[in-house]
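The structure under discussion appears below in the form of C-alpha cells.
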Number of protein chains: 2
Amino acid sequence: MRIGELSERTGTPRRLLRYYEEQTLILPDRSANGYREYDERIVDRVMQIRGLLDAGLPTRIIKQILPCLDKPKVIHISDATPEMIATLELERDRMTSRVNCLTRNRDAIAEYLDAVRGDVRSAGAVARA
Amino acid sequence: MRIGELSERTGTPRRLLRYYEEQTLILPDRSANGYREYDERIVDRVMQIRGLLDAGLPTRIIKQILPCLDKPKVIHISDATPEMIATLELERDRMTSRVNCLTRNRDAIAEYLDAVRGDVRSAGAVARA
DNA sequence: GTTGACCCTCACATGGATGTGATGGTTCGA
DNA sequence: TCGAACCATCACATCCATGTGAGGGTCAAC
C-alpha cells in the first residue's frame, strides 16, 4: 500500500510516517516512480510506534526495542551486545515504573469518578468519614 | 523547605520546579524575602508530576487530574463540571491504553531478555515453538 | 491532454519540556 | 565585612514530535 492508505488505516499523518522513516523506525521500499510502498505488516508496527510514543518513549528508544519484538525473536539474539542488553533492561524497568505510576493514578481517577457519579448522600458520607 | 532542598529530594532541577509552578501544578508560598517555601507534602506531589510527565501526560492534563487525587476527595466533588468529568473519563481510558501498550511491550522485552540470557539451546527451542 | 488526486522533497514553524546563563538580592559564617 | 551559597527573575537556546506549505512529479479518468 502507499502512504495515503497507511495514513488512513493507522490514523497517522503522512508527515509522521515520513518522520518515522527518517528515524529509521520503518523502512518502506520504493516503487519505480519513487513512491513509498508499505507492506501489510507495517500497519501493526505503526500502531505500536504510536502507542509507545504516546506512552512517553522517544523514537531513539523505540528504535532499539522494536527489533526484539518481532515474532521470530531468535534472529536478533545473535547480535545482542552487552550494552544493548543493559539498555533494554533499563528500559524494561522504566516501563514498569511508568505502568505502576499510570495504574496508580488511573485507579485514583476511576475512584474519584465513581465517587462523583455516586449520589450526593454517599459523597457526603465519604466527606464525614 | 526551600527550592534547593526540594530539588535534591525529588531529583528535579530547580528550573523545572519553577516551571511546574508557572503551569500552576504547585503553589508554594513565599517567605518574607521572596524565597519559595515548600510544604513537606509537595515532595510526593512533585514525584507524581514527574511520573505522569514521564508517562507522556502534558502538564495541562496533569493539572486537571491532580486535584482529584488528593486524599480528602470530597472537597473537590462539588465543583466537578460535566466537561471536567468527561475529560477525566477520557483521560482515564487513555491511561488504560497506555498501560496496556506499555505492559505488552515490556513483557515482550522481558521475554526477549530471558531468551537472550538463556543458553543457545533454549533460544533454539523458542524458535522452533 | 488536461484535471484532480495522489506522491515526492525540502524547509520553515510551533509547542512543550528542559538547559543555560546573565544579573542581582539575601543570608550566614569566617 | 567579605565571600560563598543560597535565592530571585528573565531571556534565550535546545530537543523532539508535530504542523504547514511551497514547488514539483505521476497517473488515471474524463
Side-chain angles (χ1 to χ4, degrees), chain A residues 1-39 42-43 45-66 91 94 97-98 101-102 105, chain B residues 1-39 42 45-66 87 91 94 97-98 101-102 105:
Chain A
M1 87 195 69
R2 284 176 308 181
I3 200 171
E5 185 181 345
L6 181 61
S7 171
E8 272 194 13
R9 286 177 59 182
T10 61
T12 308
R14 293 144 220 256
R15 170 71 172 90
L16 289 187
L17 294 173
R18 300 199 184 99
Y19 174 66
Y20 300 153
E21 178 180 350
E22 188 186 312
Q23 304 303 308
T24 65
L25 299 183
I26 52 183
L27 227 326
D29 38 46
R30 303 290 185 122
S31 37
N33 53 18
Y35 289 6
R36 273 163 258 255
E37 194 62 34
Y38 296 95
D39 189 83
I42 210 76
V43 175
R45 167 144 301 206
V46 170
M47 306 279 232
Q48 201 167 22
I49 292 171
R50 302 225 94 203
L52 291 171
L53 275 174
D54 181 64
L57 280 77
T59 53
R60 175 179 42 85
I61 299 296
I62 296 177
K63 179 165 129 190
Q64 293 192 285
I65 73 181
L66 273 185
E91 211 51 40
R94 282 174 56 77
S97 301
R98 273 186 262 249
C101 176
L102 281 171
N105 285 284
Chain B
M1 87 196 70
R2 285 176 308 183
I3 201 171
E5 185 181 344
L6 181 61
S7 171
E8 272 193 13
R9 285 177 59 183
T10 61
T12 308
R14 290 145 220 255
R15 170 70 172 93
L16 289 186
L17 294 174
R18 301 200 183 98
Y19 174 66
Y20 300 154
E21 177 180 351
E22 188 187 312
Q23 304 303 307
T24 65
L25 298 183
I26 51 184
L27 230 322
D29 36 49
R30 304 290 185 123
S31 37
N33 53 16
Y35 289 9
R36 274 164 258 255
E37 194 63 34
Y38 296 95
D39 188 84
I42 210 73
R45 167 145 303 208
V46 169
M47 306 279 229
Q48 201 167 21
I49 291 173
R50 302 224 94 205
L52 291 172
L53 275 174
D54 180 64
L57 280 76
T59 54
R60 176 178 42 86
I61 298 296
I62 297 176
K63 178 165 129 192
Q64 292 192 285
I65 74 180
L66 274 185
T87 300
E91 212 51 40
R94 283 174 55 76
S97 301
R98 272 185 263 249
C101 176
L102 282 171
N105 285 283

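So you know, we letter chains A, B, ... as the sequences are listed, proteins then strands, and number each from 1.
- A/Arg9 pairs by the salt bridge (charged side-chain N to carboxylate O under 4.0 Å, His left out) definition with A/Glu5, A/Glu40, not counting sequence neighbours.
- Considering only side-chain N and O atoms, A/Arg36 lies under 4.0 angstrom from the phosphate OP1 or OP2 of C/dC8.
- Listed by first and then second residue, the side-chain hydrogen bond (donor to acceptor under 3.5 Å, both in side chains) pairs involving residues 55-64 of chain B are B/Thr24-B/Lys63 (not counting sequence neighbours).
- Residues passing the salt bridge (charged side-chain N to carboxylate O under 4.0 Å, His left out) test with B/Arg2: none are found, sequence neighbours excluded.
- For B/Arg50, the salt bridge (charged side-chain N to carboxylate O under 4.0 Å, His left out) test picks out no residue, with sequence neighbours left out.
- Listed by first and then second residue, the side-chain hydrogen bond (donor to acceptor under 3.5 Å, both in side chains) pairs involving residues 25-35 of chain B are B/Glu21-B/Arg30, B/Ser31-B/Asn33 (not counting sequence neighbours).
- Residue contacts for A/Arg60: at a heavy-atom cut-off of 4.0 Å it reaches no nucleic acid atom on any strand shown.
- For the segment residues 4-19 of chain A, residues with any heavy atom less than 4.0 angstrom from an atom of DNA chain C are, sorted by number, A/Gly4, A/Arg14, A/Arg15, A/Arg18.
- Applying the salt bridge (charged side-chain N to carboxylate O under 4.0 Å, His left out) test to A/Glu37 and every residue at least two apart in sequence or in another chain returns nothing.
- Every side chain to side chain contact (heavy atoms under 4.5 Å, CB included) that B/Asp54 has, sequence neighbours left out, goes to A/Arg94, A/Arg98.
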N/O to N/O distances under 3.5 Å, protein versus nucleotides 23-25 of chain C:
{"unit_1": "C/dG25", "atom_1": "N2", "unit_2": "B/Tyr35", "atom_2": "OH", "d": "2.8"}

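- With sequence neighbours excluded, the residues that form a side-chain hydrogen bond (donor to acceptor under 3.5 Å, both in side chains) with B/Thr10 are B/Thr12.
- Under the side chain to side chain contact (heavy atoms under 4.5 Å, CB included) criterion, B/Arg18 pairs with B/Ile3, B/Arg14, B/Arg36, sequence neighbours left out.
- Within a heavy-atom distance below 4.0 Å of DNA chain D, no residue of residues 20-28 of chain B is found.
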